[in-house]
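First up is the structure itself, then whatever we jot down about it.
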Amino acid sequence: MRKSVFLGALTVAGLAAGAAAAATLDDVKARGTLNCGVSTGLAGFSSPDANGNWEGFDVAVCRAVAAAVLGDQSAVEFVPTTGKTRFTALSSGEIDMLSRNTTWTFSRDNDLKFTFVGVNYYDGQGFIVPKALGVTSAKELDGATVCIQTGTTTELNLAEFFRVNNISYEPVPIETNAEALQQYSAGACDAYTTDASGLAASRATFENPSEHTILPEIISKEPLGPLVRHGDDEWGDIVRWTLNALIAAEEMGVTSANVEDMASAPTNNPEINRLLGTEGNLGEIIGLDADWAKKAIAANGNYGEIFEKYIGEKTPIGLARGLNAQWTNGGLIYSPPFR
């Protein structure tokens, strides 16, 4: 019954998606700003700083798209969304794209009628517990209270994990990551479960991070990435290839520091030339200026620069590249050719 209600909600949201999908590029250009849906606040991924300026790994994708389309990475209106409100905001046209730790699934792709333009972080669901609880494995959580964000894939994953392992739990439903951390810190739940990257981001904000343990089990596949509405392939292509430009730039050694020099004259690498607009007409094909990708890369750097700046091992989040290394380094990050 629970699953039927969930999928029914997806269907209702999906019916609205097609109506709002027309000519997004024209709307963004006419408006002069990109409306980008983000989280309500997740350290390292999308959160406002002390001055109210949004920054983070997912925010950088929004800024790259704004730079590619409008020539200005600051021309973004950030719209905070929860697990429940994010899809309505996108399907209704309130936002032009969603860049907010959202998992690519069959039902979201086909039932909600959204187009995931790629994966910018390969993740999996995990658990965090206080060290004082004395738990070293998620399989030891029998009878535990677990904080869980509603309207997310984590709800079903959690239920299935406990069912498969023949153990029980008591869910503590919450709406936002901030609410989850408040409840968890207050002892209202023994454990909090979400994407492992989100757990690392949250732990980094604790007063004493070392007092909390991320358990070893990863219980799901969570390919996270930006998404747009079905029905506007032109806009989907722009967001997709902007993300690909950031990924390809890292592979080809194009950085925020050298992109201007490399774009000032053709290099001896034809693909770099096509990427930066000094050769060919890739920009024209997708309705943008020839140097659209150069602007996207100059905004916050290539994929690797963005990763290391906001969530890498030298940041408080402390994430290793792992699956999110370039394919040339044993990871899954890979861009189709720019040709």
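As the structure is a prediction and not an experimental result, all values here were calculated from the model. Values reported hereafter were calculated over all heavy atoms of this structure, with side chains retained and with hydrogens, waters and symmetry mates removed.
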Any side-chain heavy-atom pair of Glu55 and Phe78 under 4.5 Å:
no
Can you check whether Thr153's main-chain N or O pairs, donor with acceptor, with Asn157's side chain at less than 3.5 Å?
yes
Geometric class of the Phe307/Tyr121 ring pair [parallel <30°, tilted 30-60°, perpendicular >60°]
parallel
Are Arg240 and Thr115 side-chain neighbours, meaning at least one heavy-atom pair lies under 4.5 Å?
yes
If I take atom CD from residue Glu271 and atom CG from residue Leu282, how far apart are they, to the nearest 0.5 angstrom?
9.5 Å
Whether the side chain of Ser202 engages the backbone of Leu199 through a donor-acceptor N/O pair (distance < 3.5 Å, no angle test) should be reported.
no
So, does Glu250 use its side chain to make a donor-acceptor pair with the main chain of Gln326 at under 3.5 Å?
no
Anything under 30° is parallel, anything over 60° is perpendicular, the rest tilted; go ahead and classify Tyr192 against Tyr184.
tilted
Is the side chain of Ser91 donor-acceptor paired with the backbone N or O of Phe87 at a distance under 3.5 Å, no angle test?
yes
Quick one: OG1 on Thr81 to CD1 on Ile95, what's the gap to the nearest 0.5 Å?
6.0 Å
Under the 3.5 angstrom rule, does the side chain of Asn208 hit a backbone N or O of Ser210 as a donor-acceptor pair?
no
For Asp96, does its backbone N or O pair with a side-chain atom of Trp235 as donor and acceptor, under 3.5 Å?
yes
Do the side chains of Asn120 and Asp58 get nearer than 4.5 Å, heavy atoms only?
yes
Which distance, rounded to the nearest 0.5 Å, do you find between the CZ of Arg86 and the OG1 of Thr102?
4.0 Å
Could you see if Val28 belongs to whatever hydrophobic cluster contains Ile285? Use Ile, Leu, Val, Met, Phe, Trp, Tyr and a side-chain cutoff under 4.5 Å.
yes
Side chains of Val228 and Thr24: does their closest heavy-atom pair fall under 4.5 Å?
no
Would you mind reporting whether Phe161 and Lys139 have side-chain heavy atoms less than 4.5 Å apart?
yes
Answer with yes or no whether the hydrophobic clustering places Ile218 together with Val164; edges join I, L, V, M, F, W, Y residues whose side-chain heavy atoms lie under 4.5 Å apart.
no
For the residue pair Leu276 and Val254, establish whether any side-chain heavy-atom pair is separated by less than 4.5 Å.
yes
Nearest 0.5 angstrom please: Trp327 CH2 to Tyr334 OH, how far?
5.5 Å
Tell me if a side-chain donor or acceptor on Thr193 pairs with a main-chain N or O of Gly126 at a distance below 3.5 Å.
yes
Side chain of Asp289, backbone of Asp291: donor and acceptor closer than 3.5 Å?
no
Enclosure of Glu140 CD (heavy-atom neighbours >12, cutoff 6.0 Å)
yes
Is the shortest distance from a Lys or Arg side-chain nitrogen in Lys29 or Glu234 to a carboxylate oxygen in the other one below 4.0 Å?
no
Do the side chain of Asp123 and the main chain of Asp195 share a donor and acceptor less than 3.5 angstrom apart?
no
Is there side-chain contact between Pro226 and Leu98, with heavy atoms separated by less than 4.5 Å?
no
Does Gly37 offer a backbone N or O that forms a donor-acceptor pair with the side chain of Arg100 under 3.5 Å?
no
Let me confirm one number: the CG-CG distance from Leu25 to Asp232, rounded to the nearest 0.5 Å.
8.0 Å
Would you compute the distance between atom OG1 of Thr242 and atom NZ of Lys295 and round it to the nearest 0.5 angstrom?
11.5 Å
What I'd like to find out is whether the side chain of Val172 reaches to under 4.5 Å of the side chain of Cys147, using heavy atoms alone.
yes
Do Phe162 and Ile128 belong to the same hydrophobic cluster, where Ile, Leu, Val, Met, Phe, Trp and Tyr are linked whenever their side-chain heavy atoms lie under 4.5 Å apart, directly or via other members?
no
